[in-house]
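Below is one structure, written out as structure tokens, with a few remarks after it.
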Number of protein chains: 2
Amino acid sequence: MVTMRDVAERANVSIATVSFVINGTKRVAPETRTRIEAAIRELGYRRNVVARALASSRTRILALLHPYLEARPIATANQFLMSAAHGARERGYDLVLWPVNDDEQMSHLLAGGLVDGALLMEVQLRDPRVDRLIASGLPFALIGRTEDEDLPFVDMDFTTTIEQAVGHLRSFGHRRIALVTLRMRASTGNEPGWIMRVKSAYRGAMAAAGEPPTVIAVEGTSAGGRKAARRLSEDFPEVTGVVVVNEGASAGLVKESRALGRSVPDDLSIISAATTAELGEMIEPSLTVMTAPATELGRLGVNALIDQLEGVPDAPPNILIPCTLVPGQSVGPAPA
Amino acid sequence: MVTMRDVAERANVSIATVSFVINGTKRVAPETRTRIEAAIRELGYRRNVVARALASSRTRILALLHPYLEARPIATANQFLMSAAHGARERGYDLVLWPVNDDEQMSHLLAGGLVDGALLMEVQLRDPRVDRLIASGLPFALIGRTEDEDLPFVDMDFTTTIEQAVGHLRSFGHRRIALVTLRMRASTGNEPGWIMRVKSAYRGAMAAAGEPPTVIAVEGTSAGGRKAARRLSEDFPEVTGVVVVNEGASAGLVKESRALGRSVPDDLSIISAATTAELGEMIEPSLTVMTAPATELGRLGVNALIDQLEGVPDAPPNILIPCTLVPGQSVGPAPA
DNA sequence: CTGAAAGCGCTTACAG
DNA sequence: CTGAAAGCGCTTACAG
């Protein structure tokens, strides 16, 4: 292994000067710099990141904390992950995956000194992990929000998204519009914050329209979607438009509605928000979707955290991004 | 921050002895050990992983190398990732995500000394990244195989999977059975090794059955699947059974086949291999699938790498796992 | 503009 | 069974 000492010897300088050149931390005479750069090139020197981390007490490693789920097929989570990792690398950081479910494991990890900061996914309204994070003093950014919106976060703009979804259906003449959202398994306890925000945005939009709300919460699976279809059909036959914010359930909802003899979109118009266009296309008929800004949020979350770590002066404040409407074939005029 | 020195002082021992207790690297008198453990507990001491890494020249960090794709909705990739990260943590390692596309970035990362080993996804038959890895001297394990099967890998057992898929269709009386697989964009160059292996397993199975093979390669999207459906219908109307090994295309294939007036499974039976049951359920009719052993492979890949790093004596050899058949509604008797 | 030196917090021969 | 000490490869005041 070639070290800084080797470079220093070959360039006839001290290792301090080599360090200054590599990090650009101090002015170095152009001629000296050239000599050092040549030595680096000739020796193929690469700075050892572990030694650097120990000396500077900055590891340039970020943790992505998320519950370890027996991976549901959530296309958006994957997008998020990839873009966060990519965004981190672009700024010279590495991203480690920490699939932790209980906060005991978590504080163990936090205390190890491996990471400079943490990104937290699947944030709940009252999230014990956030309390841990605060207590640990480790910088962090949230993907999603707790009740307390003063913490650093990036999130979807549910209000705008839901307003647009409801507005889209209303522009087709729908009046009775239901929301199908996610129900967490009882054992999970606290809910992700977005579920509450989606519900309240939906209630707000319906109130503004002067229509009664209908909220159905089911598991994020095809089975959950089928259940929602049956409830709609049996208990709320007057509903003609549905906003789904439950990626895993959207397919089951459409399938079962059709199996119950309800045509999509002739009898029932469906718009699925916070998902991907590819997923919408897999379904028959191709769903009108609102695509989640997962790629943007991954990058923004990582940047927010790094800005914080590096004390960037004009770091952007908390950011909300709405989903983007991609029309498909699942929304049509309300039946007469 | 509380250090080993603090613990040593409180317990009236040297830091070496503290280290021996923490790592279990040397016998320590029970009484001394008790004192040290008490001091650790009382001070809430946690070993600094960076210092440990520098001193021991082992970081206990593993890299997961994968191309940075604008995340296709690949459910199996997500499963793989999660179980690899989880498996690593269970053995005291961390997993960093390295979304690298060119091997120049890659050798940069490898030379930094951050990781003890690498896991490589999306392995191609001739993979320049593998050459880099070998040249760098860094231990690694492959998820998938190159041409050279002497390198450490874990992979799906395509031969068994395809034989079972073909056998399943044949047990329903199908004789003309096509394969729909993945076509890489031209620009990508080399193909993942599994594409070739799937094709040759399929050809072998058809030869054994005394039937002619029909191979259709399309992009891994709904659009690709629709294209495959049109080709089947126009160019190979005699085909009544299809084995799909193209997760992203399966939905489009079914949708377009039905749009062309072909009933699934009455006119066309379809079995989708190397995917998830959830994805199969999203489609109408629910697909008969063979689920990918992604969770197992993630864990096994990580274990293979760690066994190698730790010199585990009886480390299992390269492992192949077939997919598991999960019957749905997309396979039926061959039309008369 | 450059260097000598201390120090980051551990591990690990080596000695006793 | 335990300790003193060197060393991992850097960064960073401090001095000149």
Side-chain angles (χ1 to χ4, degrees), chain A residues 1-40 43-61 92 94 110-116 309-310, chain B residues 1-40 43-61 92 94 110-116 309-310:
Chain A
M1 169 181 226
V2 28
T3 71
M4 211 170 237
R5 163 152 274 101
D6 301 323
V7 174
E9 275 170 13
R10 184 182 248 268
N12 273 311
V13 293
S14 73
I15 61 167
T17 309
V18 176
S19 176
F20 298 151
V21 166
I22 288 176
N23 296 306
T25 33
K26 255 189 187 172
R27 204 157 300 283
V28 170
E31 198 253 284
T32 314
R33 159 187 302 277
T34 310
R35 233 166 49 236
I36 293 173
E37 282 166 349
I40 290 174
L43 296 173
Y45 170 71
R46 294 240 67 215
R47 165 177 56 196
N48 181 301
V49 298
V50 177
R52 169 150 101 132
L54 183 59
S56 65
S57 52
R58 306 227 4 233
T59 64
R60 299 191 153 258
I61 301 175
D94 284 287
L110 294 176
L114 179 67
V115 304
D116 288 344
L309 292 174
E310 299 187 345
Chain B
M1 168 183 229
V2 28
T3 71
M4 211 170 236
R5 164 151 275 102
D6 301 322
V7 175
E9 276 172 13
R10 185 181 248 267
N12 273 311
V13 293
S14 73
I15 61 167
T17 308
V18 176
S19 175
F20 299 151
V21 167
I22 288 176
N23 296 306
T25 33
K26 257 189 186 172
R27 203 157 304 281
V28 170
E31 197 252 282
T32 314
R33 158 187 305 276
T34 309
R35 234 167 49 235
I36 292 173
E37 282 166 348
I40 290 175
L43 296 173
Y45 170 71
R46 293 242 67 217
R47 165 178 55 197
N48 181 301
V49 297
V50 177
R52 169 150 101 133
L54 183 59
S56 66
S57 52
R58 305 232 1 235
T59 64
R60 300 190 150 258
I61 300 176
D94 283 289
L110 294 177
L114 179 67
V115 303
D116 288 345
L309 292 174
E310 300 187 344

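Computation of the quantities below employed the complete heavy-atom set of this structure, encompassing side-chain atoms and omitting hydrogens, waters and symmetry-equivalent molecules. Chain A is the first sequence line, chain B the second, and so forth, proteins listed ahead of strands; every chain is numbered from 1.
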Margin query: Applying a 4.0 Å non-hydrogen cut-off, can you work out what A:Ala16 is touching in the nucleic acid: base, sugar-phosphate, or nothing?
Written below: base
Notebook entry, point to check: Below 4.5 Å, heavy atoms only, C-beta onward: do A:Arg46 and B:Leu110 meet side chain to side chain?
Noted result: no
Check: What is the distance, rounded to the nearest whole Å, between atom CZ of B:Arg27 and atom P of D:dT2?
Finding: 12 Å
Note to self: How many whole angstroms separate atom CZ of A:Arg60 from atom P of D:dC10?
What the structure shows: 15 Å
Notebook entry, point to check: What is the distance, rounded to the nearest whole Å, between atom CD1 of A:Ile40 and atom C1' of D:dC10?
Noted result: 13 Å
Note to self: Could you tell me how far apart B:Ile15 (CD1) and C:dT12 (P) are, to the nearest whole angstrom?
What the structure shows: 13 Å
Next item on the list: When you get a sec, tell me which of C:dG3, D:dG3, D:dG9 is the closest nucleotide to the side chain of A:Leu54?
Entry: D:dG9
Next item on the list: Indicate whether OP1 or OP2 belonging to C:dG3 is found under 4.0 Å from a side-chain N or O atom of A:Thr17.
Entry: yes
Margin query: Reading DNA chain D from 5' onward, which residue's closest nucleotide shows up sooner: A:Phe20 or A:Met1?
Written below: A:Met1
Check: Any side-chain heavy atom of B:Asp94 sitting closer than 4.5 Å to one from B:Val49?
Finding: no
Check: Do A:Val13 and A:Val18 come close enough that some side-chain heavy atom pair is under 4.5 Å?
Finding: yes
Next item on the list: Would you mind classifying the nucleic acid contact of B:Ser19 as base, sugar-phosphate or nothing, using non-hydrogen atoms under 4.0 angstrom?
Entry: base
Checklist line | Base-pairing mate for C:dA4 - Watson-Crick or G-U, with both contacts under 3.5 Å | finding: none
Notebook entry, point to check: Quick one: is A:Asn23 getting a side-chain N or O under 4.0 Å of the D:dT11 phosphate, OP1 or OP2?
Noted result: yes
Notebook entry, point to check: Are OP1 or OP2 of D:dT11 and a side-chain N or O of A:Thr25 less than 4.0 angstrom apart?
Noted result: no
Checklist line | Nearest listed nucleotide, side chain of A:Lys26, among D:dC14, D:dT2, C:dC10 | finding: D:dC14
Check: Is there a donor-acceptor pair under 3.5 Å between the side chain of B:Thr59 and the backbone N or O of B:Ala53?
Finding: no
Notebook entry, point to check: Could you state the CZ-C1' distance from A:Arg58 to C:dG9, rounded to the nearest angstrom?
Noted result: 18 Å
Notebook entry, point to check: Does any nucleotide pair with D:dA13 by Watson-Crick or G-U wobble geometry, both distances under 3.5 Å, and what is it?
Noted result: none
Item checked: Interatomic distance, B:Asn48 CG vs C:dG7 P [rounded to whole Å] -> 18 Å
Notebook entry, point to check: Can you tell which of C:dT2, D:dG7, D:dG3 lies closest to the side chain of B:Ser14?
Noted result: D:dG3
Notebook entry, point to check: OP1 or OP2 of D:dT11 less than 4.0 angstrom from a side-chain nitrogen or oxygen of A:Ser56, does that happen here?
Noted result: no
Notebook entry, point to check: Where the side chain of B:Ala29 is concerned, which of C:dT2, C:dT11, D:dC1 is the nearest nucleotide?
Noted result: D:dC1
Note to self: Nearest whole Å is fine: how far is D:dC8 P from B:Arg47 CZ?
What the structure shows: 21 Å
Margin query: Does atom CZ (A:Arg5) have a neighbourhood of more than 12 heavy atoms from anything else shown, all under 6.0 Å?
Written below: no
Margin query: Under 4.0 Å, counting only non-hydrogen atoms across every strand here, what does B:Val13 touch: a base, just sugar-phosphate, or nothing?
Written below: sugar-phosphate
Notebook entry, point to check: Checking all strands, does A:Arg5 fall into the base, sugar-phosphate, or nothing category for heavy-atom contacts under 4.0 angstrom?
Noted result: nothing
Check: Of all the nucleotides listed (C:dC10, D:dC10, C:dT2), which has the minimum atom distance to the side chain of B:Met4?
Finding: C:dC10
Check: CZ of A:Arg52 versus P of D:dC10: gap in Å, rounded?
Finding: 11 Å
Check: Within the side chain of A:Ser19, is there an N or O that forms a donor-acceptor pair under 3.5 Å with the backbone of A:Ile15?
Finding: no
